[in-house]
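Here is the structure we will look at, set down as structure tokens.
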Amino acid sequence: MSVTECQAPRVYIENIGEYLDQEVCILGWLYNKRSSGKLHFLQVRDGTETIQCVMFKGDFSEEAFKQADLTSQESTLKIIGKVKKDDRSPIGYEIGVTGFEVLSEAQEYPITPKEHGTAFLMDHRHLWLRSARQHAIIRIRAEIIKAVRDYFDSNGFTLVDAPIFTPSACEGTTNLFETDYFEEKAYLTQSGQLYMEAAAAAFGKVYCFGPTFRAEKSKTRRHLTEFWMVEPEVAFNDLNDNMDLAEDFVVYIVQRVLQNRRRELTLLERDIAKLENIQKPFPRITYDEALAILHEKGTEEQKVPWGEDFGGDEETVISQEFDRPLFIHRYPAQCKAFYMKSDPENPKLSLNVDMIAPEGYGEVIGGGQREEDLNVLLERIKAHNLPIEAFDWYLDIRKYGSFPHSGFGLGIERTVSWLCGLHHVRETIPFPRLMGRLKP
RNA sequence: UCCUCAGUAGCUCAAUGGCAGAGCAAUCGGCUGUUAACCGAUUGGUUGUAGGUUCGAAUCCUACCUGGGGAGCCA
């Protein structure tokens, strides 16, 4: 007999309101319990929600009532009971238990309702995922990912996934994870972009979505060694079109989270007004204008000389001047990648763009217009000391019907961290990979 | 890679050169409306590792290991 077989209908707690005053069956885990002598209050979660199940001593045998009191945290339970409305419940309902069965008694559970340190929780990430706060974050992540796919799928984009194994790097190999590929060296991808450029020539509007890997020894709240990135690429889009797309895309994602995950945002104590404020148009300033803000508002250290990239602190100072995400475009070409197109009006500038999230969350999007001229690209590859033979296929895109095109990459974890209002990206992915952390 | 802080009970922490402690968890008992329930009791220790200083080290010194925070790095 299956455990789901029961005289009462087996229901999920999130739908419990549909069964008011009816007897139902719930399968789940014991989240917490309290007892008042002749009453047990069992907090039972089933993955969708948590509900309080109340047991009166008079309704059970001495032995059964005692057994419920001895059941350990996270034991698997089958609860049969009547759904009752109750204003004291956070979800508006509780269950008057008529049947109680322990399906699997849990050993002493390491994560208690009291406080724990980061290292301990990270070591128990597989169990930590059962906590209410982690549920909220992972559900918002899932909503963001669904919104990403829905946006592109319903706007004429074709999903063209890029490979994970790649034969070489865009910019040297120091930041790549190297792996053996049948006696050849292969690297884990750090971007699908070059492949998206090829795909854009085939399909016009494309995107890829998948994990990317960086072997940077970065120990900051914004870095993971394995993270997820969505990268659209559009044929015949210039830099401004690219910013229009990024803006529309981000507004859509934020709206979806506000629409469908408001409860989770509230549980995380997110300032929702700040998210509601994220509306078009986003400010668009040049690198030079950003530099001017730093020289006016920044500390001495933040007054970076022309030609240098901004660090996290600099981005925060600039973003504090605005109440929504902002674009910074046309950085000095010297700090950008070989494939970025130069500004025809000033070749020292690159037609790139970063989107900086508000509230100090930093860069969530990086992208730009790509160089479409074969000879310029050949020179760049030489200037960057890159192995030309690795890029022969990439150069074909310019040989066989070249075209202006633009795209960007959005980091999922930084977006989740921003929308949830978290202090660290490590909680935004179910099983984070960080420098020095490969388990669980 | 650098700077900085930390490592003591299952967890979160206290004890700053002189008897290793508390709260939570666990175990036992009490309580008919608890919301991180509460009340009483019990159990729980190779003080990260290896050396050193000292009559005496969790505490001071050296090295190493592990972790947190930050920087650099970061299409």
Side-chain angles (χ1 to χ4, degrees), chain A residues 31-43 50-59 65-66 69-70 72-74 84 86-91 94 96 106-124 127 131-133 169-172 174-176 189-194 196-197 212-225 227 229 231 233 301 308-313 315 331 333 335-341 350-354 362-363 365-371 384 407-411 414 423-424 426 434-437:
Chain A
Y31 194 62
N32 196 8
K33 69 170 188 288
R34 289 175 283 274
S35 182
S36 292
K38 298 197 170 59
L39 272 174
H40 294 326
F41 301 98
L42 311 174
Q43 259 48 57
T50 302
I51 194 165
Q52 175 159 280
C53 302
V54 185
M55 292 177 76
F56 283 89
K57 192 172 187 177
D59 297 341
F65 193 72
K66 178 79 181 170
D69 196 33
L70 290 176
S72 53
Q73 190 187 351
E74 289 301 317
K84 296 174 179 170
D86 195 305
D87 294 338
R88 290 166 292 195
S89 160
I91 61 166
E94 62 177 32
Q107 294 180 26
E108 193 178 330
Y109 191 63
I111 300 180
T112 66
K114 289 267 180 177
E115 65 208 298
H116 296 284
T118 304
F120 178 80
L121 289 170
M122 291 293 285
D123 286 341
H124 295 85
L127 302 176
S131 310
R133 207 182 136 78
C170 302
E171 318 230 348
T174 49
N175 291 331
L176 297 182
T189 180
Q190 60 176 344
S191 165
Q193 187 207 309
L194 302 187
M196 287 308 98
E197 291 187 51
T212 40
F213 307 87
R214 295 199 185 166
E216 293 155 13
K217 293 189 172 170
S218 302
K219 267 180 58 181
T220 83
R221 68 181 63 164
R222 303 184 308 279
H223 288 88
L224 295 164
T225 56
F227 65 98
M229 189 154 70
E231 295 173 276
E233 190 74 30
E301 281 180 358
E308 270 185 34
D309 211 342
F310 303 134
D313 286 351
E315 287 175 353
Y331 281 61
C335 52
K336 290 296 163 186
F338 79 93
Y339 49 73
M340 283 292 185
K341 187 175 170 67
S350 165
L351 288 180
N352 80 299
V353 60
D354 284 352
E363 185 185 336
I365 280 180
Q369 189 168 341
R370 324 304 186 186
E371 181 55 63
H384 281 80
F408 60 83
L410 171 132
R414 287 187 184 180
H423 297 296
H424 202 296
R426 67 185 155 217
L434 299 145
M435 191 179 71
R437 191 174 286 281

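The structure presented is a predicted model; accordingly, all values stated were derived computationally and were not measured. Every chain is numbered from 1 and lettered A, B, ... according to where its sequence line falls, protein lines coming before strand lines.
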**Request:** List the steps and the verdict of side-chain contact (heavy atoms from CB on, under 4.5 Å) for A:Thr225 and A:Leu434.
**Result:** CA-CA 5 Å; A:Thr225 56; A:Leu434 299 145; 5.7 Å; no

**Asked** Looking only at atom P, what distance separates B:A58 and B:U16, rounded to whole Å?
**Response** 13 Å

**Request:** Compare the minimum distances between each of B:U32, B:G67, B:G69 and the side chain of A:Phe56, then state the nucleotide with the smallest one.
**Result:** B:U32

**Request:** Check every strand shown and say whether A:Asp123 touches a base, only sugar-phosphate, or nothing at a heavy-atom separation below 4.0 Å.
**Result:** nothing

**Request:** Report the residue (A:Ala119 or A:Met340) whose heavy-atom-nearest nucleotide on RNA chain B is the more 5′ of the two.
**Result:** A:Ala119

**Pairwise C1' distance, B:U12 and B:A25 [rounded to whole Å]** = 11 Å

**Asked** Expressed as a whole number of Å, how far does the P atom of B:A9 sit from that of B:U49?
**Response** 11 Å

**Fill in**
Sorted by chain and residue number, the side chain to side chain contact (heavy atoms under 4.5 Å, CB included) partners of A:Glu363 (sequence neighbours excluded) come out as A:Glu315, A:Asp354, A:Ile356, A:Arg414

**Complete:** When pairs are called at under 3.5 Å and a stem needs at least three consecutive Watson-Crick or G-U pairs, the stems of RNA chain B are B:1-7 with B:65-71, B:10-13 with B:21-24, B:26-30 with B:38-42, B:48-52 with B:60-64

**Prompt:** Can you tell me how far C1' in B:G48 sits from the matching atom in B:U66, rounded to whole Å?
**Reply:** 7 Å

**Request:** Identify whether any heavy atom of A:Gly117 sits under 4.0 Å from a base atom; if not, whether one sits that close to sugar-phosphate; answer base, sugar-phosphate or nothing.
**Result:** sugar-phosphate

**Request:** Rounded to the nearest angstrom, tell me the gap between atom CD in A:Glu363 and atom P in B:C74.
**Result:** 12 Å

**Fill in**
With the side chain defined as heavy atoms from C-beta on, A:Leu39 is closest, among B:G67, B:C74, B:U32, to B:U32

**Request:** Using a 4.0 Å heavy-atom cut-off across all strands, classify A:His423 as base, sugar-phosphate, or nothing.
**Result:** nothing

**Request:** Figure out the CZ/C1' separation between A:Arg133 and B:A36, and round it to whole Å.
**Result:** 15 Å

**Asked** Does the side chain of A:Gln193 come under 3.5 Å of the side chain of A:Tyr339 through a donor N or O and an acceptor N or O?
**Response** yes

**Request:** Could you tell me the separation between the CD atom of A:Glu308 and the C1' atom of B:G72, rounded to a whole number of Å?
**Result:** 12 Å

**Request:** Go through B:G69, B:G72, B:G33 for me and flag the one nearest to the A:Ser218 side chain.
**Result:** B:G72

**Request:** Just call it for A:Phe41: base, sugar-phosphate, or nothing, with non-hydrogen atoms closer than 4.0 Å on any strand.
**Result:** base

**A:Lys33 vs A:Asp69, side-chain contact (heavy atoms from CB on, under 4.5 Å): CA-CA, chis, key distance, verdict** = CA-CA 8 Å; A:Lys33 69 170 188 288; A:Asp69 196 33; 4.0 Å; yes

**Prompt:** Are A:Lys84 and A:Asp86 ion-paired here, with the side-chain N under 4.0 Å from a carboxylate O?
**Reply:** no

**Request:** Applying side chain to side chain contact (heavy atoms under 4.5 Å, CB included), name anything that partners A:Gln73, two or more places apart in sequence or on another chain.
**Result:** A:Tyr109, A:Pro113

**Fill in**
Between A:Gln190 and A:Phe213, the two heavy atoms sitting closest are CB-O, 3.6 Å

**Prompt:** Taking C-beta and beyond as the side chain, do A:Leu127 and A:Glu74 meet within less than 4.5 Å on heavy atoms?
**Reply:** no

**Prompt:** Rounding to the closest angstrom, what is the interatomic distance between B:G23 and B:A41 at atom C1'?
**Reply:** 16 Å

**Asked** With sugar-phosphate meaning primed atoms plus P, OP1 and OP2, does A:Gln52 contact a base, only sugar-phosphate, or nothing at under 4.0 Å between heavy atoms?
**Response** base

**Span that lies between the C1' atom of B:A15 and that of B:C74, in whole angstrom** = 43 Å

**Prompt:** With a 4.0 Å cut-off on heavy atoms, is A:Lys219 in touch with a base, just the backbone sugar-phosphate, or nothing at all?
**Reply:** base

**Item:** Considering all heavy atoms, the nearest A:Ser350-A:Met340 contact
**Value:** OG-CB, 3.4 Å

**Request:** Using atom CZ of A:Arg437 as one end and atom C1' of B:G68 as the other, report the distance to the nearest whole Å.
**Result:** 10 Å

**Request:** Sticking with atom P, work out how far B:C11 lies from B:U46, rounded to a whole angstrom.
**Result:** 12 Å

**Request:** Could you tell me whether A:His116 contacts a base, only the sugar-phosphate backbone, or nothing, with contacts defined as non-hydrogen atoms closer than 4.0 Å?
**Result:** sugar-phosphate

**Complete:** With the side chain defined as heavy atoms from C-beta on, A:Arg222 is closest, among B:G33, B:C73, B:A36, to B:C73

**Request:** Using the six-membered ring wherever Trp is involved, compare the ring planes of A:Phe120 and A:His116 and label them parallel, tilted or perpendicular (cut-offs 30° and 60°).
**Result:** parallel

**Asked** Which atom pair, heavy atoms only, marks the closest approach of A:Gln52 to A:Glu94?
**Response** O-CB, 3.2 Å

**Prompt:** Just checking A:Arg370: base, sugar-phosphate only, or nothing, at a heavy-atom cut-off of under 4.0 Å?
**Reply:** nothing

**Fill in**
Atom CE of A:Met229 and atom P of B:C74 are separated, to the nearest Å, by 15 Å

**Prompt:** Which part of the nucleic acid, if any, lies within contact of A:Asp354, taking any heavy atom under 4.0 Å across all strands shown: a base, the sugar-phosphate backbone alone, or nothing?
**Reply:** nothing

**Request:** Report which part of the nucleic acid A:Gln107 touches: base, sugar-phosphate, or nothing (heavy-atom distance under 4.0 Å, all strands).
**Result:** nothing

Interface polar pairs with nucleotides 42-45 of chain B, N/O, under 3.5 angstrom:
none

**Request:** Taking atom C1' in both B:C28 and B:A6, compute the distance separating them and give it to the nearest angstrom.
**Result:** 37 Å

**Prompt:** Can you name the side chain to side chain contact (heavy atoms under 4.5 Å, CB included) partners of A:Asp123, sequence neighbours left out?
**Reply:** A:Arg437

**Message:** Please report the distance, rounded to the nearest Å, between CE in A:Met55 and C1' in B:U34.
**Reply:** 15 Å

**Message:** If you compare all heavy atoms of A:Arg370 against all heavy atoms of A:Phe408, which two are closest, and at what distance to 0.1 Å?
**Reply:** NH2-N, 3.7 Å

**Prompt:** What pair of heavy atoms forms the shortest contact from A:Ser131 to A:Tyr31, and how long is it?
**Reply:** CA-OH, 3.8 Å

**Prompt:** Think A:Lys217 has a side-chain N or O under 4.0 angstrom from the OP1 or OP2 of B:U1?
**Reply:** yes

**Message:** Nearest heavy atom decides the nucleotide; on that basis, is A:Met435 or A:His424 closer to the 5' end of RNA chain B?
**Reply:** A:Met435

**Item:** Heavy-atom closest contact (A:Ser72 atom, A:Ala106 atom, distance)
**Value:** OG-O, 2.6 Å

**Message:** In this structure, how many angstroms lie between the P atom of B:C73 and the CD atom of A:Glu216, rounded?
**Reply:** 11 Å

**Message:** Using the side-chain heavy atoms of A:Thr220, tell me which of these nucleotides is nearest: B:U34, B:C73, B:G33.
**Reply:** B:C73

**Request:** Consider the side chain of A:Arg426, meaning its heavy atoms from C-beta on, and name the nucleotide among B:C74, B:G69, B:G33 that approaches it most closely.
**Result:** B:G69

**Prompt:** Please give, in whole Å, the distance from B:A71 P to A:His223 NE2?
**Reply:** 10 Å

Dump the pairs, protein N or O against N or O of nucleotides 20-30 of chain B, anything under 3.5 Å, distances to one decimal.
unit_1	atom_1	unit_2	atom_2	d
B:G29	OP2	A:Lys66	NZ	3.1

